Amino acid sequence: MNIEQQLDFLSARAVDFIARDDLKKKLEKAAAEGRGLRIKYGADPSAPDIHLGHVVGLNKLREFQDMGHTVVFIIGDFTGMIGDPSGRSQTRKPLTKEQVAINAKSYQEQVFKILDPEKTEVRFNSEWCGKMKFDDVIRLTAHVTVAQMLARDDFSKRYAANQPISIVEFLYPLVQAYDSVMVEADLELGGTDQLFNLLLGRELQKVMGQPPQCVMTLPLIEGLDGVQKMSKSLNNYVGVAEPAREMYGKLMSVPDDLMWKYFEYILCWPKDEVQAMHAKVASGELHPRAAKDMLAQAVVKRFIGEAEAQSASEEFTRIFAQKALPDEIPEVVLPAEEIGLLVLMVQAGLVKTNGEARRLVTQGAVKINDEKISDPRMQVVPEDGMVIRSGKRGFAKVKLG
RNA sequence: GGUGGAGUAGCGAAGCGGUCAAACGCAGCAGACUGUAAAUCUGCCCUCUUAGAGUUCGAUGGUUCGAAUCCAUCCUCCACCA
């Protein structure tokens, strides 16, 4: 690939790409010196599960690695320990050192499902932030003005709406920018919501006498509800470490309109292929369910394995299309004594409260051995192998003991 | 430092002495319809041994036959002015 082709390849799927010319020069220089560029990516250690939303960016990082560059994966443990009050999660709790360490570990395990560990440098920002004295912080803050900060979209909106903005929130982008200086990033990658922070890194590097990093943003994809950004706190995410069936099932529940994005950004299908398939579905040539099955299987295959993907798909059809039972049902161990149905359901872990169990029974969502139950006051005598089904996806099998 | 305002179920938001476990919307769950898509309709949605009972409306204490609603103190938050 020549330089222009490289640039095209590397900027595919990007929303913002700041300073293409800079990157071109950097690439030329790096090539001449026989080394790769340093691509920075920051991760928040408060949510230890990597989900498909992260994969959008990770895919890109992997492409950089495949082109010989190094990914500097920064775990924001320092910032995590302070607790970020930004956005709507105003009461985000500060993490302890232990939690951060645990989260960071699971982060790394999951991240290497996508990234090449050989070409990844994992850094914790406490490494330098922890050492800073208060006067270092003051010197750092002197580089940026309030007006600059208010340029950030969500700050200006919140300010205009009379919503609180904490000073710490001003510090966050600054810390992130400082990270860029410390690792001498050539390019920083992030979601579109990160644009301001990434650009601030560029500014700060300039002020501090470094060649400024290029900036690339990738879209934030919507989660399972099809509306909100995929995130753990909204519980609309698909984690890369989830069991195959779970992963498959979640993907099948994605709204149709969204699946094209998933094909493009998670599976990195070329745009024209995605469009071609979209057209087939639109014309009725391909059933949307079949397209989604393809998507779900491909994702499971990528993160878990081909065999698992296939069996997840088969089982899914069995359970939901043919309304059969899954081949593995969680067991509840019970004594052979009469027990109230509601209590049984709680014990089996099918529901959290009696009331919820009652609701399900009254609404005809509960079956014992394939027989619909409608009396919430029913007493059950547990039998070995008895199967309780609650709703579409709740199953429990009784084991006497 | 001063002035004004707010704290109600997962979120948003009514209620401002009894008919309040608390309107309504969102989210969630289930049923019907389906492709575990969307849309739609119906029901549920604090807990429990549910024709009933028990705990709730920032906290504590009070007034009252009776308080989410009134009073006092406290805590938390916000805006404006300085």
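Hydrogens, waters and symmetry mates are skipped; everything else that's a heavy atom, side chains included, is used. Throughout, protein chains are lettered first and strands after them, A, B, ... in sequence-line order, and every chain is numbered starting at 1. Quantities reported herein were computed from a predicted structural model and do not represent experimental measurements.
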Visitor: For the pair made of CG in D225(A) and C1' in C11(B), what is the distance, rounded to whole Å?
Guide: 14 Å
Visitor: Does the distance from a Lys or Arg side-chain N to an Asp or Glu carboxylate O, for D186(A) and K26(A), drop under 4.0 Å?
Guide: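 Looking at D186(A) and K26(A), the cut-off is met.
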Visitor: Could you check whether the side chain of D293(A) and the base of G35(B) have a donor-acceptor pair of N or O atoms closer than 3.5 Å, going by distance alone?
Guide: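 There is none.
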Visitor: Please give the distance between the C1' atoms of C33(B) and U50(B) as a whole number of Å.
Guide: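 Going atom to atom, C1' in each nucleotide, I get 31 Å.
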Visitor: Within the 4.0 Å heavy-atom criterion, would you say G364(A) contacts the bases, only the backbone, or no part of the nucleic acid?
Guide: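 Counting heavy atoms under 4.0 Å across all strands, the contact made by G364(A) is with sugar-phosphate only.
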Visitor: Which heavy atom in W260(A) sits nearest to a heavy atom in A291(A), and how many Å separate them?
Guide: CH2-CB, 4.4 Å
Visitor: Less than 4.0 angstrom from a charged side-chain N to a carboxylate O is my criterion; do E121(A) and R123(A) meet it?
Guide: yes
Visitor: Look at the side chain of R359(A) and the base of C29(B), then say whether one donor and one acceptor between them are separated by less than 3.5 Å.
Guide: yes
Visitor: Can K25(A) and D21(A) be counted as an ion pair, charged N to O under 4.0 angstrom?
Guide: no
Visitor: Are E264(A) and R13(A) ion-paired here, with the side-chain N under 4.0 Å from a carboxylate O?
Guide: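 Looking at E264(A) and R13(A), the cut-off is not met.
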Visitor: For A68(B), which nucleotide is its Watson-Crick or G-U wobble mate, given both distances must be under 3.5 Å?
Guide: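 Base partner found: none.
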Visitor: Return the value, rounded to whole Å, for the distance between atom CD1 of I319(A) and atom P of G35(B).
Guide: 17 Å
Visitor: T353(A) side chain N/O closer than 4.0 Å to the phosphate oxygens (OP1, OP2) of U47(B)?
Guide: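 Answer is yes, contact under 4.0 Å.
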Visitor: Considering only side-chain heavy atoms of A365(A), which listed nucleotide, C48(B), G31(B), G35(B), is closest?
Guide: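 For A365(A), the side-chain atoms sit closest to G31(B).
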Visitor: When the P atoms of C44(B) and C24(B) are compared, how many Å lie between them, rounded to an integer?
Guide: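 Their P atoms lie roughly 11 Å apart.
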Visitor: Expressed in whole Å, how much space separates the C1' atoms belonging to G62(B) and A67(B)?
Guide: 12 Å
Visitor: To the nearest Å, how far apart are K323(A) NZ and G31(B) C1'?
Guide: 11 Å
Visitor: Using the P atom as the point on both nucleotides, what is the distance between C80(B) and C29(B), in whole Å?
Guide: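 Their P atoms lie roughly 40 Å apart.
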Visitor: Under a 3.5 Å cut-off for both distances, is U40(B) Watson-Crick or wobble paired, and to whom?
Guide: A32(B)
Visitor: Whole angstrom is fine here: how far is it from NZ in K392(A) over to P in C33(B)?
Guide: 12 Å
Visitor: Could you please name the partner base of G12(B), counting Watson-Crick and G-U wobble pairs only when both distances are under 3.5 Å?
Guide: C24(B)
Visitor: Across all strands, who's sitting opposite U76(B) as a Watson-Crick or G-U wobble pair, both distances under 3.5 Å?
Guide: A6(B)
Visitor: Would you list the atom pairs, donor with acceptor, under 3.5 Å between side chains in residues 245-256 of chain A and any protein atom, with sequence neighbours excluded?
Guide:
residue : atom : partner : partner atom : Å
R245(A) : NH1  : E315(A) : OE2          : 3.3
Y248(A) : OH   : D293(A) : OD1          : 2.3
Y248(A) : OH   : S313(A) : OG           : 3.3
K250(A) : NZ   : Y237(A) : O            : 2.9
K250(A) : NZ   : E242(A) : OE1          : 3.2
K250(A) : NZ   : E242(A) : OE2          : 3.0
S253(A) : OG   : K250(A) : O            : 2.9
D256(A) : OD1  : K292(A) : NZ           : 2.8

Visitor: In whole angstroms, how far is the P atom of U50(B) from the CD atom of E356(A)?
Guide: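 E356(A) atom CD is separated from U50(B) atom P by 17 Å.
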Visitor: For K292(A), answer base if it contacts any base atom (sugar-phosphate contacts may also be present), sugar-phosphate if it contacts only those atoms, and nothing otherwise; contact means non-hydrogen atoms under 4.0 Å.
Guide: base
Visitor: Who is the Watson-Crick or G-U wobble partner of G1(B), with both distances under 3.5 Å?
Guide: C81(B)
Visitor: Looking only at atom P, what distance separates C16(B) and A68(B), rounded to whole Å?
Guide: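 Here C16(B) and A68(B) have their P atoms 14 Å from each other.
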Visitor: Please measure how far the P atom in A6(B) lies from the corresponding atom in C71(B), and state the result in whole Å.
Guide: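 Pairwise P distance, A6(B) against C71(B), rounds to 12 Å.
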Visitor: Does the U50(B) base have a donor-acceptor partner in the side chain of R377(A) within less than 3.5 Å?
Guide: no
Visitor: Taking the side chain as every heavy atom from C-beta outward, state whether V183(A) and K40(A) have any atom pair closer than 4.5 Å.
Guide: yes
Visitor: Which nucleotide, if any, forms a Watson-Crick or G-U wobble pair with A51(B), using both distances under 3.5 Å?
Guide: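 Its partner: none found.
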Visitor: Yes or no on salt bridge (Lys or Arg N to Asp or Glu O under 4.0 Å) for K206(A) and E203(A), after CA distance, side-chain angles and deciding distance?
Guide: CA-CA 5 Å; K206(A) 273 191 221 167; E203(A) 291 307 312; 3.8 Å; yes
Visitor: Hey, which sits more toward the 5' end of RNA chain B by its nearest nucleotide, Y248(A) or S390(A)?
Guide: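 Between the two, 5'-proximity favours S390(A).
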Visitor: G15(B) and A9(B): how far apart are their P atoms, nearest whole angstrom?
Guide: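 Result for the P pair: 16 Å, nearest Å.
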Visitor: Toward the 5' end of RNA chain B, which comes first, M259(A) or G355(A), by nearest nucleotide?
Guide: M259(A)
Visitor: What is the distance from CG of N354(A) to P of U55(B), rounded to the nearest Å?
Guide: 18 Å
Visitor: Nearest whole angstrom, please: distance from the P of A37(B) to the CZ of F263(A).
Guide: 17 Å
Visitor: Could you give the CD-to-P distance, from Q363(A) to C29(B), as a whole number of Å?
Guide: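 So the two atoms are 13 Å apart, to the nearest Å.
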Visitor: Which nucleotide, A30(B), U49(B), G35(B), lies nearest any side-chain atom of L360(A)?
Guide: A30(B)
Visitor: What integer number of Å spans the C1' atoms of G52(B) and G61(B)?
Guide: 32 Å
Visitor: Taking only N and O in the side chain of R358(A), is any of them less than 4.0 Å away from OP1 or OP2 of U50(B)?
Guide: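 For U50(B), OP1/OP2 do have a side-chain N/O of R358(A) under 4.0 Å.
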Visitor: Which nucleotide, U50(B), A37(B), C48(B), lies nearest any side-chain atom of P255(A)?
Guide: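 Output: A37(B).
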Visitor: Between G35(B), C29(B), A38(B), which one does the side chain of P288(A) approach most closely?
Guide: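 Side chain of P288(A) sits closest to G35(B).
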